[in-house]
Structures are given as structure tokens and as C-alpha cells.
There are 2 protein chains.
Amino acid sequence: MSAATSARVRPARVGRPNKDSREKDAREAILDVAEERFSRHGFHGVTVREVANAAHVNTALIHYYFGSKKELFDAVFMRRAEIINAERMAAMDAYAAAHGDGVTVEGAIEAFLAPVLTRLANGGPGWRNYFALVGLVNSTTAWGGEVMTRYFDPVIHRLIDLIACALPEASKEDLYWSYNFLSGSLTLSLAETGRIDRLSEGLCHSDDVEALRPRMIAYAAAGFRRVCEGK
Amino acid sequence: MSAATSARVRPARVGRPNKDSREKDAREAILDVAEERFSRHGFHGVTVREVANAAHVNTALIHYYFGSKKELFDAVFMRRAEIINAERMAAMDAYAAAHGDGVTVEGAIEAFLAPVLTRLANGGPGWRNYFALVGLVNSTTAWGGEVMTRYFDPVIHRLIDLIACALPEASKEDLYWSYNFLSGSLTLSLAETGRIDRLSEGLCHSDDVEALRPRMIAYAAAGFRRVCEGK
DNA sequence: CAATTATTTATACGCCCAATGAATTTACTG
DNA sequence: CAGTAAATTCATTGGGCGTATAAATAATTG
């Protein structure tokens with residue numbers, strides 16, 4: 001189906017487990033390295049040779065598993081998207097079920113953010129790299145919007161529906177624009193460019209999730225209210 | 001000083017004015033095309049050949065004027081940064097002078113945003129491309145934070161000082177985090193990924209500055225207040 | 001243990017990249 | 001109108017790119 005002739009879909013765990021006692025699959029090692037590189041330099045700033053070397057595998061192995069560089073990128077993007085989307089859906093469903101009629105803007109946003117912030121804080125470097133990649137893709141003019149739409153729209157519509165319950169007077173336009181502002185704030189925080197560290201001369205740190213979390217929720221909730229209630 | 005041996009700094013306008021009666025300098029044409037391409041595909045997603053062809057110029061001419069691809073990128077980034085920075089500084093100075101003791105969060109943010117939003121709405125495609133490029137760079141992990149710091153820090157500190165007048169109780173941390181959220185919202189809007197168009201199924205448009213402006217100001221001001229006043 | 005299948009490596013192809021330096025064309029200057 | 005300097009082109013260099021193919025190696029299966 002895909003571009004190249006091969007691109008195997010990981011058969012049932014056969015073949016030798018890897019020469020030098022590497023604990024993970026070669027396939028997973030490739031994904032990890034690619035994730036880290038793509039998140040820092042973007043799709044075009046990374047070469048498949050570079051990924052192969054850093055993962056200690058042969059270049060051809062990447063094409064054996066993924067078919068092409070583009071398909072490798074997609075595999076990186078998809079791997080954790082499915083996990084985090086399921087977690088966010090569950091968190092919002094649980095919040096809605098628990099509060100039914102009395103949902104608040106703050107509660108909805110917190111449910112929407114919690115899985116991401118938890119993974120960001122405790123998920124290890126893989127998850128941090130992944131979120132930085134999402135932040136980068138989200139701002140990429142050429143194909144960023146399209147990719148984000150494909151992977152993340154359902155979760156976002158769930159959030160907007162939830163907030164619409166808390167703000168029944170809100171217009172669709174106001175809700176979408178407000179979400180766009182929230183999205184920008186979030187993805188810049190995820191990108192971890194070290195910008196706030198430099199700007200604040202060391203007072204704040206991009207990786208300080210505990211400082212980020214309450215401020216992000218308060219800021220976004222207040223913004224939604226003001227835009228959507230007009231007061 | 002720079003990488004290549006040459007990289008001329010535009011001498012006094014000599015030489016032939018350009019074969020096929022082109023009105024602009026070749027140099028400006030190169031900058032315009034590079035701006036557009038870099039803003040869509042990032043530094044590594046663009047080749048100097050591609051820029052040369054689109055600008056109807058020989059590849060070597062780019063190296064004649066700019067020395068290297070990296071220096072071309074820097075020239076693109078700097079060209080409009082100086083203009084917009086001066087305008088923003090002037091706008092905030094004027095606002096501070098006019099309101100002295102009675103500055104508000106809304107007023108400060110409006111002064112900070114006004115020159116950008118005006119250029120975005122009425123500055124033509126060059127300015128739109130430029131702002132999209134800023135949006136992309138701002139989210140680029142590898143060197144984005146550093147580049148933004150170098151070019152835009154003074155304006156931002158001016159804004160934060162102004163808001164600090166309106167919110168004298170605010171802590172530095174709260175101000176910096178809030179600014180970071182504002183910055184994310186703004187640069188995502190500038191990036192014009194078409195995301196909000198797709199998300200809203202055509203209801204909202206990324207290039208609708210008149211819809212963006214009042215919502216952006218209201219959202220950010222409310223966020224600042226809530227985070228910095230804690231109420 | 002032979003046959004098979006999955007994994008990994010070695011090697012190479014064809015293409016395009018950024019960058020150079022010399023040659024050439026154009027316009028200005030005295 | 002010759003001389004000079006800027007602008008532009010041409011031809012080339014060396015290297016890295018993504019991808020393809022086939023051989024070699026290792027584990028599984030009958």
C-alpha cells in the first residue's frame with residue numbers, strides 16, 4: 001500500500017534479539033531516536049543516516065521497518081498520539097460523568113490538560129521529546145495544521161463541547177478562537193525552547209511542570225470566560 | 001567576519017538594473033522569496049536553488065549577496081524585525097506617556113499587539129509571511145528560543161514593565177509565565193496554519209485579523225489578571 | 001537438524017545540495 | 001570613450017542525501 005515495496009509491520013517477534021544485548025527492539029530504538037531528532041530539528045533537519053547512526057543500526061533497516069523517511073515520521077507521530085488521545089478522552093469523560101450538570105471551565109480544561117502534563121512531568125524523556133515535536137508541528141505552516149487535524153480533532157471537539165456546557169451563552173466563534181489561544185499557549189510550553197528561561201534570566205524554567213500547571217489552567221479559564229461571556 | 005569570503009553589503013546602486021525590467025532589486029526579490037519559503041517549510045526545508053529559481057536569479061547571486069544560506073536566513077529575519085520592534089516600542093511609549101499612572105493590562109497589551117496586527121492586516125503578503133516565519137521559529141526547539149531572545153527581548157521587557165505598573169502586586173514569575181502564554185497564542189495565530197479553519201469547519205479563518213484582535217486582547221488580559229492577581 | 005522466515009549488513013546508485021572562482025556583462029566615472 | 005567597479009552568470013567541486021538490492025546472519029519451525 002505504502003510508497004516502498006516492503007515496510008514490514010513488525011511480525012510476531014522472531015529473528016535474533018539484537019547483537020549487543022540491547023534490551024529494546026531495534027524498531028523502538030529507531031523510533032526513540034527519530035522522535036528526539038525530529039522534535040529538535042524538524043522533518044527536513046534530520047537525515048535517516050543520522051537516525052541510523054544514533055540508534056546503532058544500519059541505514060537500510062529504517063527502510064526495512066518503515067519504508068521511507070516520511071513514513072518513519074508518521075510512525076513517530078502516531079505511536080504516542082493514540083495513547084494520549086485515549087487518556088484525554090477518558091479524563092474528560094470521567095469529569096463529565098462526575099459533574100454532569102455542574103461542569104466548570106476550569107474543570108474541563110484541567111481534565112483536558114491533566115494527561116499531557118502528567119506525562120510531561122513523569123513520562124521520561126521520550127514523552128518530553130514527543131510533546132516538543134507536537135509543539136513544533138502545530139506551528140508548521142505547510143502541513144502542520146493538517147497533521148494536527150488528522151490526529152487531534154476528536155479530543156478537541158470533546159473539550160469544546162464540555163466548555164460549551166459550562167458557558168451555554170458562548171458562540172461557536174468565541175469558543176474556537178479561545179481554544180486556538182489555549183492551543184498556542186500549550187504547544188509553546190510543550191516545545192521547551194528555553195525561551196522563558198532566558199527571558200526571565202533563570203527565574204522560570206520551561207520544564208517546570210508544577211509551575212506551569214496551575215497558571216496555565218487559570219490563564220486559559222479566565223480567557224475563555226472573558227471572551228465567551230463578554231464581561 | 002562571516003563564514004564566506006564575500007557577502008557584499010549592497011553598494012551604492014551600480015551595475016545593470018536587471019535584465020528583464022524587474023522593478024525591485026534582485027536582492028530584495030531574493031529576500032521576499034526566501035521569506036515566503038522559509039516561513040512555510042523552515043530553514044532545512046528550503047534549498048537555495050529553489051529560492052534562486054523562484055526569484056529568477058542565478059544561484060551564485062545569493063552567495064554573492066548573503067554569503068551563505070544561514071546568513072540569508074538571518075537577513076530575512078532581521079529585515080522586518082527592526083521595523084516592527086521600533087513600532088512596538090513607540091506604541092508602548094506613547095501609551096505609557098498618555099496614561100502615565102492609569103495604565104491598564106488591556107491597554108498595555110493592545111499597544112504591544114497593535115503594530116503587529118496592523119501590519120498583519122494591511123502590510124501585504126510580505127509581512128504575513130514574515131509573521132508566519134516568526135511563529136515557526138518561536139516553536140523551534142533547537143535554536144528558536146535563542147533567535148527570539150536575540151531579536152525580541154527588549155520589546156517584551158517593555159511590555160512586562162508596563163503590565164507590572166497595572167498589576168503592582170504581581171510576582172515576576174507570574175508575569176513571565178503569563179507572557180509565555182500570550183506569546184504562544186500570538187505566534188500560533190501568526191503562523192496561519194489554517195488549523196482553526198479546519199477545526200471550526202470554515203466558521204473561523206486564521207487570516208481574519210478583525211476577528212482575532214479583540215478576542216486576543218480580551219483573552220490575554222483576563223489571563224494576566226487571573227494569574228497575577230490570584231482572584 | 002534442515003527448511004524457513006525474520007532481521008541485519010554491505011554496497012551502491014542516481015540525484016541534488018551548498019559553495020566557489022573565474023569569466024562575462026552592465027553601468028557608472030572621469 | 002576608455003577604465004573601473006558592481007552585478008550576474010557559468011561551470012564545477014566535493015559531499016551528503018534518500019532509497020534500493022542482494023547477500024549474510026540469526027532465530028523459529030517442522
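In what follows, chains are A, B, ... by sequence order, proteins preceding strands, each numbered from 1.
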Can you measure [X] atom [atom1] to [N] atom [atom2] for me and round it to whole angstrom units?
X	N	atom1	atom2	result
L61(A)	dA20(D)	CG	C1'	14 Å
E28(B)	dT8(D)	CD	P	13 Å
I62(B)	dC10(D)	CD1	C1'	16 Å
H44(B)	dG16(D)	NE2	P	16 Å
R27(B)	dA6(D)	CZ	P	15 Å
F66(A)	dT19(D)	CZ	P	13 Å
K69(A)	dC16(C)	NZ	P	16 Å
N53(B)	dT9(D)	CG	P	11 Å

Side chain of [X]: nearest nucleotide among [options]?
X	options	answer
H63(B)	dT8(D), dT9(C), dA19(C)	dA19(C)
A26(B)	dT19(D), dT8(D), dT8(C)	dT8(D)
N58(B)	dA7(D), dT19(D), dT9(D)	dT9(D)
T47(A)	dT8(C), dT20(C), dG18(D)	dG18(D)
A60(B)	dT20(C), dA18(C), dT8(D)	dT20(C)

With sugar-phosphate meaning primed atoms plus P, OP1 and OP2, does [X] contact a base, only sugar-phosphate, or nothing at under 4.0 Å between heavy atoms?
X	value
V48(A)	base
V46(A)	sugar-phosphate
T59(A)	base

Exercise. Can you check whether any acceptor in the base of dG16(D) is under 3.5 Å from a donor in the side chain of R49(A), or vice versa?
Key: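 Answer is no: no donor-acceptor pair is held.
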Quiz item: When the ring planes of Y130(A) and W127(A) are compared, do they come out parallel, tilted or perpendicular, using 30° and 60° as the limits?
Solution: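 Ring orientation of Y130(A) relative to W127(A): perpendicular.
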Quiz item: Are R158(B) and D93(B) within salt-bridge range, i.e. N to O under 4.0 Å?
Solution: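 Counted as a salt bridge, because a side-chain N and a carboxylate O are separated by less than 4.0 Å.
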Quiz item: Under a 4.0 Å N-O cut-off, is there an ion pair linking R40(B) with E192(B)?
Solution: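 Looking at E192(B) together with R40(B), the answer is no, because their closest N to O distance does not fall below 4.0 Å.
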Quiz item: Are OP1 or OP2 of dT8(D) and a side-chain N or O of Y64(B) less than 4.0 angstrom apart?
Solution: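 It does not, given that no N or O in the side chain of Y64(B) lies less than 4.0 Å from OP1 or OP2 of dT8(D).
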Quiz item: What about F224(A) and W177(A), are their ring centers closer than 6.0 Å?
Solution: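 Distance test on ring centres: not under 6.0 Å, no.
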Quiz prompt | Distance in Å, R150(B) CZ paired with F77(B) CZ, rounded so as to fall on 0.5 Å steps | solution =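 These two atoms lie 8.5 Å from each other.
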